[in-house]
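Reviewing the structure listed below.
In what follows, every chain begins at residue 1, and chains take the letters A, B, ... in the order their sequences are listed.
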There are 2 protein chains.
Amino acid sequence: MSWNTLQQNRDARLQRARAALGNELDGKSLPAARIADLLHAAIECGDRVCLEGNNQKQADFLGHALANLNPELVNDLHMLQSVLALPEHLDVFERGVASRLDFSFSGPQAARVARLASAGKLNIGAIHTYLELFSRYFIDLPPRVCLIAAESADRHGNLYTGPNTEDTPAIVEATAFKQGIVIVQVNQIVDKVPRVDVPGDWVDFVVQSPRPYYIEPLFTRDPAQISEIQVLMAMMAIKGIYAEYGVQRLNHGIGFDTAAIELLLPTYAESLGLKGKIGKHWALNPHPALIPAIEAGFVQSVHSFGSELGMEDYIHARPDVFAIGPDGTMRSNRAMCQAAGHYACDMFIGSTLQIDLQGNSSTATAGRIAGFGGASNMGADARGRRHASPAWLKAGQQAREGRNTIPRGQKLVVQIVETFREHMQPAFVERLDAWELMEQAKMAIPPVMIYGDDVTHILTEEGIANLLMCRTDEEREQAIRGVAGYTPVGLGRDAKMVENLRDRGIIQRAEDLGIDKRLATRDLLAARNMKDLVRASGGLYQPPKRFRNW
Amino acid sequence: MSWNTLQQNRDARLQRARAALGNELDGKSLPAARIADLLHAAIECGDRVCLEGNNQKQADFLGHALANLNPELVNDLHMLQSVLALPEHLDVFERGVASRLDFSFSGPQAARVARLASAGKLNIGAIHTYLELFSRYFIDLPPRVCLIAAESADRHGNLYTGPNTEDTPAIVEATAFKQGIVIVQVNQIVDKVPRVDVPGDWVDFVVQSPRPYYIEPLFTRDPAQISEIQVLMAMMAIKGIYAEYGVQRLNHGIGFDTAAIELLLPTYAESLGLKGKIGKHWALNPHPALIPAIEAGFVQSVHSFGSELGMEDYIHARPDVFAIGPDGTMRSNRAMCQAAGHYACDMFIGSTLQIDLQGNSSTATAGRIAGFGGASNMGADARGRRHASPAWLKAGQQAREGRNTIPRGQKLVVQIVETFREHMQPAFVERLDAWELMEQAKMAIPPVMIYGDDVTHILTEEGIANLLMCRTDEEREQAIRGVAGYTPVGLGRDAKMVENLRDRGIIQRAEDLGIDKRLATRDLLAARNMKDLVRASGGLYQPPKRFRNW
């Protein structure tokens, strides 16, 4: 019995690659024009291939080359990918190069994923959260070949990722140590990299891409678009949840609702005397909307999944706050930051598209297979957590009060939504669209982003429903209806029961929290537009062009 | 306002260190005899110091040096440490150098931890599971200084950890990118390391230790000590749980109970036709007891938290199974393997000391503050998981059948215990000792290893209790009593209700599973002693001396 088939197979691939590239292979590096030859030599039919599609940076040159391989020579690939963001990510299926997919998020390409799946061109293994997908790379889905992106490489293959380290270290480690082939596109080949993010002996081939890798500023929210309703909701979040539980360590979603909260920290929260008491430590990308809170000394530290375009100089000038390398730029790390979001944070707060009567929430809609990225991981009670904090203990106590169970803490998982979304779609529904998508996409169970029994609070413009304190399914349903406003679900409430829940503090309206709604104006925002953010940063933040009108 | 206090402080420390060491500092390396001078210069009072105490390898030279610093110069340190294994790990508190501790596991030193805590010399922040502690290193507990261990370093500080990579990468990343100081003891300084596990530019000081680092073979179980009761329990586990759910990806505990299961895979499980159907992918240290199952082709892959002494040559010769570097030795990684154990495995099975009537289990006993290592993380339902597998779906379905809740999968969490442990101590109790320890140690909540609502099965020599299928607290209690044998808890059963649970398949006896108890002999073990393991490995496994009587 042979025990080193992987190594032998790896050697055969390397040999084929060397033969194909001949003397155009200079150490580990090859000319961009020869990339197809390398991929044809290094990839075998049926391979598990991990293409680095991150939230932000994309190995787009390699992705494009992969999609254009000859499907008669290379086919039936099993793609592993966090994010499907670019057309090439689906061309590879359209053209018959790949046939199977395990992934986390496909927001921009969700409709095409669904179309290709129903046309039988794309067979979905499963939808994962990020950390879960990385975990499987180490267990049952090690990539045979990975195609990744970095800022620069030296001639030994040492990689510098710059601030967008993101998924790279996890992917390369899983591949390299199972005798896979690691191929990287870099923006530059240099004599000496500013710092080593991935050691050269884990890397097989380096190609300088004709263009810098594609990167998307996903976490930039223009404060000009924040509504006064969002300001009101942010005030309720701060007074009714952050202050109430003393939340020190947290992760925010990426919507305008949570951007509003970030922008109210140095104004509203400061006026409540909350500086130093809430929001000190963050598992978060460098959101531009967080700049005023950082400048006000509200934020002590931020560890990031990835970076954000335009924030480079600001981050560089705030090394006490961010994780900074010897070269002065940030090191992010999606795997470790997701672990931290799960285990080291007391709260996740974010938005959703739909919530049902049990509190299950989903962003799944019919005809779109989108996945959830990291929200499900951060929006789940971390039942393996054992260290206590005041916020965690209080949530756990509320959930267990009067019950005959052993005491335990609990993570705060807050869904913040307006009762109606765009086009007057109600956010509260009797039945999630996820059920329909399950049938369309032949999934085993409906794709729920956050399960009702993990949600602790639902916050709308009508108030906060504290699900921790509900004692029966009926109470929970009425608590949800009680903040669902004029949606059919809200109108279907049992008014008496809702009043009773309000008396018991399970439902809290703005006035119950002592919040004067008249103060909920955009004046409360520490920055009201992009220019304000730039000003708050002392000119260090440089928003991408599309966010500038000056 | 200054935003680079960490960097300035780091520079000051480096300058002091250079001044103290003078020309004895050769690049990054210093003579072992000067270690105290380096630590006095680099460490400040009140620092968070992470000392690499792993499950297996120990930065013992640095730990010893730290404990012997002058407490008048260096004191009030806040120690961060996965494992407290050596006397030095507590001497540091005894001598007044450190005063505060955040940790995961202190098995061998648990009694002394309790004594020092009650004497006011050691203030415990919290007890964590490993991944949770690493997570906090990135959020609110970044180490100011870390003291770690590696196999070798080159003159640039590039580190080779060898197979016991363990916690090192996570610790160094968290420290280096928050401008902390990274100090490493190595067994050797070499011209070129066999592979780079940690890049040199993340490392500040290297010292060649006078002795190789201390390392403990924690995961070696001599098959000679496996009892026939354990063989019977292993048969029930395989037929009643592994086969029943089709468990492909899993993590085992480290006791003799699970060693028995490992040794029954190529015999009993094979005879049931289960090869290729169960136990293919493992998040596990390289347990010697797994050798026969690997040789039989049962095991497709193993990703490890750490390594195991004596397994080096065997691992080297089985690169298809283990994660192997370009140098031919294993790379382990506790952080990624814990993530995988949480998110990529369908089952955790392990033992405990006490189980109460709700199924809560704990290894905590009065007078010993031990922590739980990684069990709580792997023995928790991973509620952020979204990918389906047959085992996960079936467990979720059993838990939700007949209930009005949205479908969801669930992790299998199995506690395997004999009803009486050593000294005839019952494993089933009305009240966990954890309650007493909570009061002694002034904890906020009792230290539970695995919570009852995460446990899916309890397996004893009397049978299997399937807690997933219990519908009320009373049923759950009787299911537990129904497998608790002659313990007071077992004798207190409602015999009629237990029979009813058995009729419904919630309790299963060996005979209900079609297991002939007479076959439960040690003859079923694929290896009956250490020599058999060596033989099974083709002489590649070299057990440490203490496990050899030849």
Side-chain angles (χ1 to χ4, degrees), chain A residues 3-7 126-129 131-132 134-136 138-140 170 173 177-179 195-196 199 201 249 281 283 303 317-320 323-326 331 336-337 339-340 342-344 358 360 372 376-377 380-381 383-388 393 405-408 444-446 448 451 454, chain B residues 3-7 126-129 131-132 134-136 138-140 177-179 195-196 199 201 249 281 283 303 317-320 323-326 331 333 335-337 339-340 342-344 358 360 372 376-377 380-381 383-388 393 405-408 444-446 448 451 454:
Chain A
W3 294 97
N4 65 342
T5 61
L6 293 175
Q7 183 62 53
I127 306 176
H128 310 70
T129 67
L131 189 56
E132 185 186 348
F134 305 154
S135 293
R136 291 189 72 189
F138 289 89
I139 300 293
D140 62 325
E173 179 166 350
F177 290 91
K178 285 306 263 187
Q179 286 81 59
R195 73 170 188 248
V196 178
D201 54 7
R249 298 180 259 146
H281 301 286
H303 186 259
R318 299 291 178 266
D320 281 358
I324 301 291
R331 169 148 165 136
M336 289 316 299
C337 199
H342 187 68
Y343 269 134
Q358 298 179 329
N360 301 304
F372 306 118
S376 310
N377 169 59
D381 185 30
R383 295 167 80 96
R385 172 173 168 176
R386 290 296 177 271
H387 77 278
L393 287 172
T405 56
I406 203 159
R408 183 177 189 172
I445 53 176
V448 169
Y451 284 90
D454 281 320
Chain B
W3 293 98
N4 64 342
T5 60
L6 292 175
Q7 182 62 53
I127 306 177
H128 309 71
T129 67
L131 188 56
E132 186 187 348
F134 304 155
S135 292
R136 292 190 71 190
F138 288 89
I139 301 293
D140 63 325
F177 290 91
K178 285 307 265 186
Q179 287 81 58
R195 73 169 189 249
V196 178
D201 54 8
R249 298 181 259 145
H281 301 287
H303 187 260
R318 298 292 178 267
D320 281 359
I324 301 292
R331 168 147 165 137
N333 185 328
M336 289 315 300
C337 199
H342 188 66
Y343 268 135
Q358 298 179 329
N360 300 303
F372 306 118
S376 311
N377 168 59
D381 186 30
R383 294 167 81 96
R385 171 172 169 176
R386 291 296 176 271
H387 77 277
L393 287 172
T405 56
I406 202 159
R408 182 175 189 173
I445 52 176
V448 169
Y451 284 91
D454 281 320

Testing the basics here: between A317(A) and W3(B), what is the closest heavy-atom pair and its distance to 0.1 Å?
O-CB, 3.4 Å
Interchain contact, I127(A) with chain B, by part (heavy-atom threshold 4.5 Å):
backbone
Contacting moiety of A335(B), where chain A heavy atoms sit under 4.5 Å:
side chain
For chain A, the option from L131(B), D454(B), T405(B), L393(B) that forms the most heavy-atom pairs under 4.5 Å:
D454(B)
For the candidates I406(B), N377(B), N4(B), I445(B), which exhibits the highest count of non-hydrogen atom pairs separated by less than 4.5 Å from chain A?
I406(B)
Counting only non-hydrogen atoms closer than 4.5 Å, does R136(A) touch chain B with its backbone (N, CA, C, O), its side chain (CB onward), both, or neither?
both
At a heavy-atom separation under 4.5 Å, does R318(B) approach chain A through its side chain, its backbone, both, or neither?
both
Chain B: which of Q179(A), R249(A), Q358(A) shares the most heavy-atom pairs with it under 4.5 Å?
R249(A)
For a 4.5 angstrom cut-off between non-hydrogen side-chain atoms, does H281(B) reach I139(A)?
yes
Check: V448(B) and R408(A) side chains under 4.5 Å, non-hydrogen atoms:
no
Has R385(B) got a side-chain atom pairing as donor or acceptor with T129(A)'s backbone, closer than 3.5 angstrom?
no
So do the side chains of F134(A) and M336(B) get within less than 4.5 Å of each other, counting heavy atoms only?
yes
Non-hydrogen atoms of chain B under 4.5 Å away: do they reach the side chain of N360(A), the backbone, both or neither?
side chain
In Å, rounded to the nearest 0.5 Å, how long is the span from CZ of R195(B) to CG of D201(A)?
8.5 Å
Shortest non-hydrogen contact between D320(A) and L6(B), atoms and distance:
OD1-N, 2.9 Å
If every non-hydrogen atom of A323(B) is compared with every non-hydrogen atom of K178(A), which pair is closest and at what distance?
CA-CD, 4.1 Å
If I compare all heavy atoms of P446(B) with all of P407(A), which pair ends up nearest, and what's the gap?
CD-CG, 3.6 Å
May I ask you to name which of P326(B), P199(B), A126(B) has the most heavy-atom pairs under 4.5 Å with chain A?
P199(B)
Nearest heavy-atom approach of G384(B) to A380(A) is N-CB, 3.6 Å
What is the minimum heavy-atom distance between N333(B) and E173(A), and which atoms define it?
ND2-OE2, 2.9 Å
Can you list everything that forms a ring pair (Phe, Tyr, Trp, His ring centres under 6.0 Å) with F138(B)? Sequence neighbours excluded, please.
H303(A)
Chain B heavy atoms under 4.5 Å from E132(A): which part of the residue, side chain, backbone, both or neither?
both
